[in-house]
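To start, the structure under review is shown below, and the notes come after it.
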Amino acid sequence: MTVRTRFAPSPTGYMHIGGIRTALFNWLWARKNGGQFILRIDDTDQQRNMDEALGPILDAFRWLGLDWDEGPEVGGDHGPYFQSQRRDLHDAALEKLLASGAAYRDFEAAEDTRAQREAAEKEKRVYLSSRVSAGLTEAEVTEKLAAGETHVVRFLIPRGRTVSIDDHVRGHVEWDCGLMVDPVIARGDGSPLYNFATAVDDGQLQITHVIRAQEHLSNTPAQVLLHEALGNDLPEFAHIPFVASPGGRKKLSKRDVDKYRKSPAFQKLFQLGDEVLSATGIDPADQSLSPVMVAYYREVGFLPAGVLNALARLGWSLDDETENMSLQTVQQNFSLERVVKASAGLDPDKLMSYQSYWMGKLSAEEKLKGCVDMLVKADLVPENPDADTLNMVAAVVKLAADRIRVFGDILGMDEFFVSADTLKYSEKDFQKRVVKPEPAVDLLRELRQLLATTDEFTADAMHIVVEGFVEQKEIKFGQIAPALRLSVTGKAKGADLFPTLELLGQEECLRRIDRAIGTAESMKVV
RNA sequence: GGCCCCAUCGUCUAGUUAGGCCUAGGACACUGGAUUUUCAUUCCAGUAACGGGGGUUCAAAUCCCCCUGGGGUCACCA
């Protein structure tokens with residue numbers, strides 16, 4: 001039988017990083033087995049703008065390169081793939097269950113049901129559905145219906161037996177039906193509820209493997225019973241661990257981003273993200289993007305390969321040593337048997353490590369393209385840049401080498417894309433390296449003369465000039481290099497100094513040194 | 001609270017199904033050193049774990065029981 005897996009997101013306007021991990025495992029299992037991966041949109045009745053709500057979800061799949069065989073935009077033989085459009089299927093299934101007596105119309109007032117539940121809770125006994133309505137004769141039901149009495153439809157749990165599954169990751173799990181409440185499967189208005197719609201849809205879509213997060217384990221007995229009553233082939237189940245917050249055990253949640261912001265484990269990621277996001281005109285504080293969302297990583301300049309690698313290794317391993325894996329490698333080696341049982345915390349450090357690895361694998365062209373896009377977004381480079389600009393960016397990217405782990409890191413090298421008069425100094429370092437040391441300004445002034453009279457302004461030539469200068473003045477390299485770096489780049493750290501000078505060019509370097517000298521002197525006066 | 005799930009370095013994990021090859025392996029992070037006259041990289045080294053208690057056995061991280069701890073879920077949400 002062909003393996004068919006599905007991922008059924010609700011259109012919420014963003015794609016959760018944990019959600020896409022579940023989708024990834026479904027995709028992997030389908031691809032590994034030459035099967036189909038289906039995307040079904042579990043939208044309910046009142047939904048907001050569908051483009052707005054679904055767009056980001058499909059974008060996330062496309063960005064990561066996870067294609068779907070059936071679903072929105074691609075169609076398929078088992079459609080429609082929007083749950084809201086499958087109502088006739090649900091209605092027919094509901095009729096079937098009603099007719100067979102597997103379900104009953106419950107006319108009990110909602111407040112009565114609630115009161116019973118609360119009473120049971122108070123008395124510390126198990127609450128079970130009263131089933132008063134289940135005992136109604138056909139005539140009585142017809143009468144109530146004619147009288148327009150509102151009712152829900154409940155599934156009649158076969159008490160006195162157990163349900164069990166042999167879960168691919170959890171093993172044998174069993175539930176006592178005698179403890180289960182008859183679940184509502186249709187609302188007062190006749191619309192289907194999740195557990196019921198899911199069973200109907202999974203059955204009709206011929207899903208063979210339901211791979212979903214562990215939190216759904218408690219939904220499983222009801223769904224299994226529903227499948228039985230519907231006469232569906234029972235799918236196999238794999239309840240995978242959910243993605244937990246860094247350091248914690250709790251489900252990673254959009255609601256807790258404020259807390260994550262304070263967590264040490266998340267510190268570096270937030271810092272990087274804040275810088276990149278604000279440079280590209282997105283306010284990091286408004287939480288339209290956060291590390292809980294897939295889009296966050298794209299906007300900060302992560303690679304699909306990096307994110308995918310981290311996600312795959314969260315709760316799954318190939319063996320005892322393989323860490324860096326392409327999607328293809330994971331796909332070839334994926335197995336549900338090697339999925340771990342315990343929930344796994346997302347580790348931003350490890351994610352960054354995978355990311356750096358894959359960034360290192362990129363060709364110069366790909367790297368250049370990613371960086372250019374980022375620079376354009378940050379307005380440091382014009383849209384559709386000319387060849388000169390492109391060459392400049394390429395040179396910077398090459399010089400930056402592995403300092404660029406994510407494309408957003410190029411924005412930290414903005415000194416190459418601004419003019420001498422708009423260059424920003426790192427205040428503290430400038431004080432420490434240029435203003436405070438007594439001879440720094442004088443040395444800079446003298447060195448400037450030397451640099452100005454050099455015909456050949458190359459990295460090697462500059463190196464020789466500065467070395468000669470150091471020798472002649474009988475100072476240490478460390479007494480002039482930091483000041484020079486600060487003057488020219490505004491920063492204390494960065495790429496190799498002499499190639500940096502060459503890249504900036506003689507004129508620009510001189511302008512920057514002049515400005516630094518002026519600035520330092522005015523600071524000294526005050 | 002009921003039901004269910006889970007438990008190896010700080011983190012992600014290997015090892016658990018078929019007990020011995022485990023004086024518990026790898027990776028990330030961290031610390032130290034070398035290289036790089038900054039930073040980043042690279043290289044080398046180091047710190048660091050079987051939650052506790054009982055069994056079974058010649059032998060237990062691995063099997064059994066109890067405890068503890070963590071988590072999920074208990075809707076006319078999905």
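Reminder, nothing fancy here: chain letters follow the sequence lines and each chain counts from 1.
Between A/Arg40 and A/Asp202, at least one side-chain nitrogen of the basic residue sits less than 4.0 Å from a carboxylate oxygen of the acidic one, meeting the salt-bridge criterion. Ion pair A/Lys473/A/Glu446 flagged as a salt bridge, since at least one NZ, NE, NH1 or NH2 atom sits closer than 4.0 Å to an Asp/Glu carboxylate oxygen. Electrostatic pairing of A/Lys491 and A/Asp414 counts as a salt bridge here, judged by a charged N lying under 4.0 Å from a carboxylate O. Salt bridge status for A/Lys254 with A/Asp256: absent, with no side-chain N to carboxylate O gap under 4.0 Å.
Residues from residues 113-133 of chain A with heavy atoms under 4.0 angstrom of RNA chain B, sorted by number: A/Arg117. Residues of residues 193-205 of chain A having a heavy atom closer than 4.0 Å to RNA chain B, listed by number: A/Leu193, A/Tyr194.
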- Note on the structure: Quick tally for nucleotides 19-26 of chain B: nucleotides whose base has a protein heavy atom under 4.0 Å get B, sugar-phosphate-only ones S, the rest -, giving ------BB

- Item | Contact letters for nucleotides 42-52 of chain B, in which S counts primed atoms plus P, OP1 and OP2 and B counts the base, heavy atoms under 4.0 Å | -----------

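Atom name P, nucleotides B/C12 and B/C50: the rounded distance is 16 Å, in whole Å. Comparing B/C5 with B/G10, their C1' atoms sit 24 Å apart, to the nearest whole Å. Separating the C1' atom of B/C77 from that of B/U31 is a span of 49 Å, rounded to the nearest Å. If you take atom C1' in B/A61 and the same atom in B/A49, they sit 10 Å apart, rounded to whole Å. As rounded to the nearest Å, B/U62 and B/U8 have P atoms that lie 13 Å from one another. When the C1' atom is compared between B/C21 and B/G25, the two are found 13 Å apart, to the nearest whole Å. Here, B/G1 and B/A24 have their C1' atoms 39 Å apart, quoted to the whole Å. Using atom P as the reference point in both B/A27 and B/C65, the two lie 36 Å apart (nearest Å).
Under the side chain to side chain contact (heavy atoms under 4.5 Å, CB included) criterion, A/Thr500 pairs with A/Leu399, A/Phe416, A/Thr489, A/Ala495, A/Leu504, sequence neighbours left out. With sequence neighbours left out, the side chain to side chain contact (heavy atoms under 4.5 Å, CB included) criterion links A/Lys432 to no other residue. With sequence neighbours left out, the ring pair (Phe, Tyr, Trp, His ring centres under 6.0 Å) criterion links A/Phe430 to A/Tyr425. Considering only residues two or more places apart in sequence or on other chains, A/Asp429 meets the salt bridge (Lys or Arg N to Asp or Glu O under 4.0 Å) condition with none of them. In this view, A/Asp409 and A/Leu272, A/Ile404, A/Arg405, A/Val406 satisfy the side chain to side chain contact (heavy atoms under 4.5 Å, CB included) rule, not counting sequence neighbours. Here A/Thr113 pairs with A/Glu108 under the side-chain hydrogen bond (donor to acceptor under 3.5 Å, both in side chains) rule; sequence neighbours left out.
Dense packing is recorded around CZ of A/Arg125, with more than 12 heavy atoms of other residues, nucleotides or ligands lying under 6.0 Å away. The 12-atom threshold is exceeded at CD of A/Glu337, counting heavy atoms of other residues, nucleotides or ligands nearer than 6.0 Å. At most 12 non-hydrogen atoms from other residues, nucleotides or ligands lie less than 6.0 angstrom from CD of A/Glu471. In A/Glu427, the CD atom is not crowded: 12 or fewer heavy atoms of neighbouring residues, nucleotides or ligands sit closer than 6.0 Å.
When rounded to the nearest whole Å, the span between CG of A/Leu497 and C1' of B/U36 equals 14 Å. Residue A/Tyr357 contributes atom OH, which lies 14 Å from atom P of B/A27 at whole-angstrom precision. Protein atom CD1 of A/Ile185 is 13 Å distant from nucleotide atom P of B/A78, rounded to whole Å. Rounded to an integer number of Å, the gap from A/Met352 CE to B/C12 P is 19 Å. Atoms CH2 (A/Trp316) and C1' (B/A27) sit 14 Å apart, rounded to a whole Å. The nearest whole Å value for the distance from the CG atom in A/Asp347 to the C1' atom in B/C9 is 13 Å. Note: CG (A/Leu311) to P (B/C12) measures 14 Å, nearest angstrom. The distance between atom CG of A/Leu269 and atom P of B/A29, rounded to the nearest whole Å, is 13 Å.
B/A24 is unpaired under the Watson-Crick or G-U wobble criterion, no partner having all donor-acceptor distances under 3.5 Å. B/G2 is paired with B/U73 under the criterion used here, namely a Watson-Crick or G-U wobble arrangement in which both key atom distances are under 3.5 Å.
Aromatic rings from A/Trp316 and A/Phe334 are positioned such that their centres are separated by under 6.0 Å.
You'll find that the side chain of A/Arg187 is closest to B/A78, out of B/C39, B/A78, B/U13. When distances are taken from the side chain of A/Gln83 to each of B/C76, B/A40, B/A78, the shortest belongs to B/A78. Of the candidates B/C28, B/U38, B/C76, the closest approach to any side-chain atom of A/Arg403 belongs to B/U38. Residue A/Trp175 has its side chain nearest to B/C4 when only B/C4, B/U11, B/A78 are considered. Side-chain proximity of A/Leu179 to the nucleotides B/A40, B/C6, B/C3 is greatest for B/C3. Checking B/A14, B/A29, B/A78 against the side-chain heavy atoms of A/Val340 singles out B/A14 as nearest.
Remark on RNA chain B: of its neighbouring residues A/Ala495 and A/Val184, the 5'-side contact belongs to A/Ala495, judged by nearest-heavy-atom nucleotide. A residue-by-residue look at A/Thr150 and A/His463 shows that A/His463 has its nearest nucleotide of RNA chain B further toward the 5' end.
Taking 4.0 angstrom as the limit, A/Arg40 places none of its side-chain polar atoms (N or O) nearer than this to OP1 or OP2 of B/A78. In this structure, A/Arg338 does not reach the B/U13 phosphate: none of its side-chain N or O atoms is under 4.0 Å from OP1 or OP2.
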Give me the distances for all protein-to-nucleotides 63-73 of chain B N/O pairs that come in under 3.5 Å?
from: B/U73; atom 1: OP1; to: A/Lys251; atom 2: NZ; distance (Å): 3.2
from: B/U73; atom 1: O2'; to: A/Ser218; atom 2: OG; distance (Å): 3.3

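Using cut-offs of 30° and 60° for the angle between ring planes, the A/Phe302 and A/Tyr297 rings count as perpendicular.
Side-chain atoms of A/Glu323 and A/Tyr354 form a donor-acceptor pair, as typed in the model, at a separation below 3.5 Å. Side chain to side chain, A/His216 and A/Gln214 fail the donor-acceptor criterion of an N or O pair below 3.5 Å.
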Which atom pairs, one a donor and one an acceptor, fall under 3.5 Å between side chains of residues 236-247 of chain A and the rest of the protein, sequence neighbours left out?
from: A/Glu236; atom 1: OE1; to: A/His168; atom 2: NE2; distance (Å): 2.4
from: A/His239; atom 1: ND1; to: A/Asp167; atom 2: OD2; distance (Å): 2.7
from: A/His239; atom 1: NE2; to: A/Arg212; atom 2: NH1; distance (Å): 3.1
from: A/His239; atom 1: NE2; to: A/Thr220; atom 2: OG1; distance (Å): 3.1

